Amino acid sequence: MTIGRGVFIFVVVVALAFFSYNAQRLVRYMRTIGRPDDRSDNPATRIRNLFLIGFGQTKILRDPVAGSLHASVFWGFVVLTIGTAEIIISGLFPGFSYAMILPAPIYALYTLSQELFALLVLAAVTVLLYRRIVVKPARLQGDKVHSGDAILILSMIGALMVSLLSLGAFEFALHPGTGTVFQPISLALSHALTGLPTWGLEAGRATSWWFHALLILIFLNYLPYSKHLHVLTSLPNTYLSNTSGPGVKGAMSYMDLEAEGVEQFGASDVTQLGWKNLLDSYSCTECGRCTAVCPAHITGKLLSPRKIMINTRQRLMELAPLATGDFGEFEHPQLVAGEGGDAGDATVTATLQNTLLDNYITEEELWACTSCRACVQECPVSIDQLDIINELRRNLVLMESRFPPEIQPAFESMERNGSPWAFNPGDRGKWAEGMDIPTMAEMIERGERPEVLFWVGCMGSFDDRAKKIAVAFARVLQAAHVRFAILGQEEKCNGDPARRMGNEYLYQLLARDNIETLDRYGVETIVTNCPHCFHQIGNEYPQLGGNYEVIHHSTYIEKLLEENRLPLNGEGKQLTVAYHDSCYLGRYNDVYEAPRETLRRSLPMMTLVEPPRTRSKALCCGAGGGRMWMEETVGKRINAERTEELLATGADVLAVACPFCMTMIGDGVKGQNSDVPVYDISEVVAQQLL
């Protein structure tokens, strides 16, 4: 054995041992600190997500420019890792080459792939460095964002590509005639080395080889101390995530309020979060895509979903060594330093007294969230930022009774009246007076059963503007001769506002009452014009035993139109219409086309225009997550920002498919002193009825 080979074997063993130590340390932190969370279900769906989102990079490509560059680096790394393994093995076993085990044509394609991907990665890294150092996109900036770390990592990747290509160039220069057309870049570079003495070529070859091999090992061991830890965790995180299924997208986790021995509801610190929340924090790339699409952040509020993740990682890395007795813990300044509130206390006492809530994440940040799910949708590695916000809100309300004072009346009214507003429950069905719409009780008493139950919701029952939507949809159902009923005063708030505002106890109280009512009448199919009722009853009531087919009115009306069950006046003037996507209809339930198709079918002369942020990238109206009942005193109003976008399309009419959006966009239009009307899609159809 040569001295060089002996040294290399020693370096590889030390490097792998150190990496193994760090890997088990990080896994131990996550599993010791985090609560159990079973993610072993639906392996087929998880494997699909892994290939589509992980290897296919489908979410990162939502940004066509930066996404293409990062996807190029990722795909290049996957391919070049195979070549790196060959280099490492050849250092351990001199003379080893894949050419010894691969058929010649396959080996030729392998060498070509190494050359082309090395060039592709080098080009992508060069542009990314220019972008980060010179262009400085807003979403990559922020308080204590690790720009230096990103520049270091990109530089290391670039150096790896240069050393890989130079290794081939020196090899071919030393052995003229050995290069083939399948190694075009190294072969071309080798011509530039013509004329160098043999000792110089050998020194160059050895330097390139050692530089590349050692840099790979350094890179591997730097990752656990870098925000680029996501290089190692993003694929496992994508496989284990539920943000794109399995399970129901956007459904809050079930909380057993009657479980024995449970004294903590929600989370105030990382020890009360699930291990998957902690893996999410390891996987945050700090790319800022979540924050760039957050409506609260866009309009000047304190909330930054990226900061939520960085602070969670920061607090975990501060507390975990103490909690696990890891006295061998090495310094990890990159992981401990975080965006925003940088507690990072040096003393054990101070560290143990800190909590994620308050020391890192403030109440103001949490209550600014509209639960629109834009951050979750945009994250390229399937992180669920909203889950942490929801758990912290639950702790605030259930454990500490800390919440904005203006939502106290909404809580009290939901508990007393079954509605966030202090209206008499007996008035719920008044909007339908004179329309000959039976209640479920009346129908059952007559020995009849409806085809569908029309779930009106609190807005449609009590809000003057939303009542018109309920009337319009009822007219559409009557025109199509659909046999339907309402619950009237037996209907209660579906509980979504209470749950999103952290009051799980109140939510379950309302939901169980509704489920008891629906089951008593044997309800199977529900249609509603409210996306919040649609999502909650259809997707989250099953956690409490309520299982119904729930259809949003956009889908139901589209079906009626497709079946020609609605007599429409096909005439009218040419209109330009802009449709606003509801978060709970679109990002939560993937219903994007039904409202648009309903507009197209009912207004054949219409031109449908889209604002810049539309469909899955649409901006929230600002009412979700309980924000409807909170004051918006910081920054620009979210509904104003969204309304400006919609009006900028030049539309004659704005269309919505949610009573919450109707209120917010309607107020936004008034704030702009505009006379552009806002209609629900059911109103558009009702106006066209013969």
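Below, each value reflects all heavy atoms present in this structure, side chains not excepted, and no hydrogens, waters or symmetry copies. In this text the structure is predicted, and so the values were computed from the model without any measurement.
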* Asked: H535 vs Y584 aromatic rings, parallel, tilted or perpendicular, using cut-offs 30° and 60°?
  ->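 It falls in the perpendicular class, over 60°.
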* Is the F55 ring parallel, tilted or perpendicular to the F51 ring (thresholds 30°, 60°)? ->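 Tilted: the ring planes of F55 and F51 meet at 30° to 60°.
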* To do: Examine Y107 together with Y110 and report whether their ring centres are nearer than 6.0 Å.
  =>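 That pair passes the under 6.0 Å test.
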* To do: Flag the pair Y282 / Y29 as yes when their ring centroid distance falls below 6.0 Å, and as no otherwise.
  =>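 Y282 vs Y29: aromatic centres not under 6.0 Å.
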* Does R500 pair with E540 as a salt bridge, N-O distance under 4.0 Å? ->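 A salt bridge is present here (some side-chain N lies under 4.0 Å from a carboxylate O).
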* Carboxylate-amine/guanidinium proximity below 4.0 Å for E202 and R205 ->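 No, no charged N to carboxylate O under 4.0 Å.
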Determine the minimum heavy-atom distance between [X] and [Y], stating which atoms define it.
| X | Y | value |
| --- | --- | --- |
| L165 | A118 | CD2-CB, 4.0 Å |
| L273 | A267 | CD2-CB, 3.7 Å |
| L26 | P224 | CD1-CB, 4.0 Å |
| H212 | S163 | ND1-OG, 2.8 Å |

Could you verify whether a donor N or O on one side chain and an acceptor N or O on the other, from [X] and [Y], lie under 3.5 Å apart?
| X | Y | result |
| --- | --- | --- |
| S226 | D149 | yes |
| E365 | T362 | yes |
| N277 | D387 | yes |
| Q272 | S268 | yes |

Is it true that a side-chain atom of [X] and a backbone atom of [Y] form a donor plus acceptor pair closer than 3.5 Å?
| X | Y | value |
| --- | --- | --- |
| R315 | N354 | yes |
| E378 | C375 | no |
| T291 | R306 | yes |
| Q114 | V79 | yes |
| N237 | V381 | yes |
| R393 | G502 | no |
| H297 | L303 | yes |

* **side chain to side chain donor-acceptor pair (under 3.5 Å) against S40, all qualifying residues, sequence neighbours excluded** =>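 Listed in chain order: D38.
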* To do: Quick one: list whatever passes side chain to side chain donor-acceptor pair (under 3.5 Å) with R394, sequence neighbours left out.
  =>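 R394 satisfies side chain to side chain donor-acceptor pair (under 3.5 Å) with S253, E391, E504 only.
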* Determine, step by step, whether D41 and R46 satisfy the salt bridge (Lys or Arg N to Asp or Glu O under 4.0 Å) criterion, reporting the C-alpha distance in whole Å, the side-chain angles of both residues, the deciding distance to 0.1 Å, and the verdict. => CA-CA 8 Å; D41 59 330; R46 296 187 184 283; 2.6 Å; yes
Does a side-chain heavy-atom distance below 4.5 Å link [X] with [Y]?
| X | Y | value |
| --- | --- | --- |
| I87 | L164 | yes |
| P184 | L187 | no |
| S166 | F211 | no |
| L235 | F74 | yes |

* Which of these passes side chain to side chain contact (heavy atoms under 4.5 Å, CB included) with S382: D280, N49, T238? ->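 Result: among D280, N49, T238, T238 is the only option passing the side chain to side chain contact (heavy atoms under 4.5 Å, CB included) with S382.
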Counterpart residues, side chain to side chain contact (heavy atoms under 4.5 Å, CB included), relative to [X] (two or more places apart):
| X | answer |
| --- | --- |
| T32 | R28, T324 |
| F265 | M255, L257, V262, L398, M399 |
| P43 | Y239 |
| C620 | P295, T370, C372, C583 |

With sequence neighbours left out, write down each residue that passes salt bridge (charged side-chain N to carboxylate O under 4.0 Å, His left out) with [X], or none if nothing qualifies.
| X | result |
| --- | --- |
| R373 | none |
| R39 | D37 |
| E115 | none |
| R613 | E641, E645 |

* Asked: Please walk me through it: do I82 and F117 pass side-chain contact (heavy atoms from CB on, under 4.5 Å)?
  -> CA-CA 12 Å; I82 301 171; F117 274 98; over 6 Å; no
* Asked: Which pairs with one or both residues in residues 82-93 pass salt bridge (charged side-chain N to carboxylate O under 4.0 Å, His left out), sequence neighbours excluded?
  ->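 Of all non-adjacent pairs touching residues 82-93, none passes salt bridge (charged side-chain N to carboxylate O under 4.0 Å, His left out).
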* Asked: What salt bridge (charged side-chain N to carboxylate O under 4.0 Å, His left out) pairs are there with at least one residue in residues 245-256, not counting sequence neighbours?
  ->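 Non-adjacent pairs meeting salt bridge (charged side-chain N to carboxylate O under 4.0 Å, His left out): K249-D590.
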